[in-house]
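This is a predicted model, so every value here is computed, not measured. Here is how names work: the chains are called A, B, and so on, in the same order as the sequence lines, proteins then strands, and each is numbered from 1.
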Protein chains: 2
Amino acid sequence: MSGTHTEVPSLVSAPLPHPVPADEYGACPVTDVLRRIGDKWTVLVVVLLGRRRHRFNELHRSVDGISQRMLTRTLRTLEQDGLVEREVHPTVPPSVEYGLTPLGRSLLPPLSGLADWAVAHHGEITAARGRATGEDGQMARSRPAQ
Amino acid sequence: MSGTHTEVPSLVSAPLPHPVPADEYGACPVTDVLRRIGDKWTVLVVVLLGRRRHRFNELHRSVDGISQRMLTRTLRTLEQDGLVEREVHPTVPPSVEYGLTPLGRSLLPPLSGLADWAVAHHGEITAARGRATGEDGQMARSRPAQ
DNA sequence: CCGCATCCAAGGTGATACTG
DNA sequence: CAGTATCACCTTGGATGCGG
């Protein structure tokens, strides 16, 4: 790949609203969203809910490793952001179902694009990471491990 | 969305390696990558470097709001992950140029996809967020703000 | 079954000052 | 110019126990 411009995506060539405000999170939608879905469990939950609606404990079992606290917090945040919908069945004992809203479903395609990249290049990243840290006692460039 | 299956993206319909390991970060490439670029400055730096090579203080001025410490850490991490390349010119005073590696450039398209989504729907998220928290003193569903 | 409250550890982030 | 060091704060995340 040398001269093939490859059709630069929008954000790469133009978007940045202003040179870079970055004063508050709300100033940069991209950073704001990235930080939301960049936590430990959000993506996993969104993907699971993207497949079908789930009940609380069903998610709890599916993710396995997440604590109730984190599952609750994750769902709360997603609900507050309008990505997830909560449906309470007034039964006894109570049952609650979670599902994606249209907005939440619209996140799936772009998220999938990034996920595909992650799966495709995770090996390279891991390799580079291993090359950079210790390995054979030789740092990549005479820099004393951070 | 009603009956139009809309061509479910890979991750949505199949991928998840196992039901969900999630034991360690390395177990899920998607989570691992998301957490890397989900920090406060990484995306901004990657996008800037995607436009052209930058010198350290040039980035420092462009982002404006980032501290030297965070800029250094962000660049270190990106370098360790093989996304950014560092070039030192042995001049005096010293000058260092940063640029994206091929791997780093390959991140741009999928990242742009998510960025476009963020820009397009950030308003809806903000609106939903405002609807959920206080606003008129009435919680969305009798739940005392977390 | 669903969820909240509390306590606590770990890491990200910022401010400031100092160095080759 | 391009960092490094230190300190302090805040958020994230985990463990456990209680409540509707």
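For D:dT11, the OP1/OP2 oxygens have no side-chain nitrogen or oxygen of B:K40 closer than 4.0 Å. An OP1 or OP2 oxygen of D:dG3 is reached within less than 4.0 angstrom by a side-chain nitrogen or oxygen of B:R76. A sub-4.0 Å separation between OP1 or OP2 of D:dT11 and a side-chain N or O of A:R36 is absent. The phosphate of D:dG3 has OP1 or OP2 within less than 4.0 Å of a side-chain N or O from B:Y98.
Residues B:T74 and B:Q68 both approach DNA chain C. Their nearest nucleotides, taken by heavy-atom distance, put B:T74 toward the 5′ side. The residue among A:S67 and B:E97 whose nearest nucleotide of DNA chain D lies closer to the 5′ end is B:E97. Residue A:D39 is the one, among A:D39 and A:P94, whose nearest nucleotide of DNA chain D lies closer to the 5' end (criterion: closest heavy atom).
Spacing between atom CD1 of A:I66 and atom C1' of D:dT16 amounts to 17 Å, rounded to whole angstrom units. Distance, B:L44 CG to C:dG12 C1': 17 Å, rounded to whole Å. Across the protein-nucleic acid pair, B:R55 atom CZ and D:dG3 atom C1' stand 13 Å apart, rounded to whole Å. The interatomic distance linking A:M70 (CE) with C:dG11 (C1') rounds to 14 Å, in whole Å. Between A:E87 atom CD and C:dC2 atom P the separation is 13 Å, expressed in whole Å. Spacing between atom CG of B:N57 and atom P of D:dA2 amounts to 5 Å, rounded to whole angstrom units. Note: CH2 (B:W41) to P (C:dT13) measures 9 Å, nearest angstrom. Straight-line distance from the CZ atom of B:F56 to the C1' atom of D:dA2: 6 Å, rounded to whole Å.
Here the closest heavy-atom approach between residue B:W41 and residue B:T74 is recorded as CB-OG1, 3.9 Å. Nearest heavy atoms, A:H54 versus A:L59: CB-CG, 3.6 Å.
Under a 4.0 Å N-O distance rule, the pair A:D32/B:R129 qualifies as a salt bridge.
Across all strands, B:R69 comes closer than 4.0 Å to base atoms (heavy-atom distances).
A donor-acceptor pair is defined here as one N or O able to donate and one able to accept, closer than 3.5 Å; no such pair exists between the side chain of B:S112 and the backbone of B:P109.
Residue B:R73 has its side chain nearest to C:dG12 when only C:dG12, C:dC2, C:dG14 are considered.
To the nearest 0.5 Å, atom CD of residue B:E124 and atom OG1 of residue A:T101 are 8.5 Å apart.
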